[in-house]
Amino acid sequence: MKTIDAVEVFAALSQDTRLDVFRLLVKAHDPDPAKGGLPAGEIASRMGVAPATLSFHLKELARAGLLVSRKDGRSIIYRVQFEKVAAIANFLLEDCCEGRCGVCVSTSSLEPESA
């Protein structure tokens, strides 16, 4: 991943509504692409965001490559593009431990500590 691509991802996630939408869609993940994700209307309802406002935020997340969409009848279903999420994580950690991140960082060590 190039730095300019990473900046685009971070810019998309640097707004609180977009970050909340992204996190909601992470929770709605299913390994089967035909099952995962949420319809735009449900996202708007859960987030308490007007549909036009949500549409803008979804467009920004999709433009950054973080979301993909599919048509299901009259609905558009949005889901996280986990390949892009993995790419940004790799970009952030590529210099860790001389390129061998598994040596010093595991996903469990990145979990937030319980209060």
Nearest 0.5 Å, please: how far is [atom2] in [Y] from [atom1] in [X]?
| X | Y | atom1 | atom2 | result |
| --- | --- | --- | --- | --- |
| I43 | S55 | CD1 | OG | 11.0 Å |
| R79 | K35 | CZ | NZ | 11.5 Å |
| Q81 | F22 | CD | CZ | 10.5 Å |
| S75 | R70 | OG | CZ | 10.0 Å |

| Would the number of heavy atoms belonging to other residues, nucleotides or ligands and lying under 6.0 Å from NZ of K71 be above 12? | yes

| query | Any chance CZ of R23 has more than 12 other-residue heavy atoms, nucleotides or ligands included, within less than 6.0 Å? | reply | no

Quick one, [X] and [Y] - any side-chain contact, counting heavy atoms below 4.5 Å?
| X | Y | value |
| --- | --- | --- |
| M47 | D20 | yes |
| T17 | T53 | no |
| L67 | K84 | no |
| Y78 | V68 | no |
| F91 | T3 | yes |
| E42 | S45 | no |
| L13 | R18 | no |

| query | Should H29 and V80 be marked as a side-chain contact (heavy atoms from CB on, under 4.5 Å) after you check the CA-CA gap, both sets of side-chain angles, and the distance that decides it? | reply | CA-CA 7 Å; H29 175 69; V80 171; 5.8 Å; no

| message | Just to verify, which of L66, D16, L58 counts as forming a side-chain contact (heavy atoms from CB on, under 4.5 Å) with V21? | response | L58

| request: Check the pair L38, L25 against side-chain contact (heavy atoms from CB on, under 4.5 Å), reporting the backbone distance first and the verdict last. | output: CA-CA 7 Å; L38 292 172; L25 289 171; 4.0 Å; yes

| request: Can you sort out the partners of Q15 under side-chain hydrogen bond (donor to acceptor under 3.5 Å, both in side chains), two or more places apart, ordered by chain and number? | output: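 None.
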
Review item, side-chain donor-acceptor pairs of residues 5-12, under 3.5 Å, at least two apart:
from	atom 1	to	atom 2	distance (Å)
E8	OE2	R63	NH1	2.9

| said: Would a single hydrophobic cluster contain both F56 and L54, if residues Ile, Leu, Val, Met, Phe, Trp and Tyr are joined by side-chain heavy-atom contacts under 4.5 Å? | reply: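 As far as the 4.5 Å side-chain criterion goes, F56 and L54 are not connected within one cluster.
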
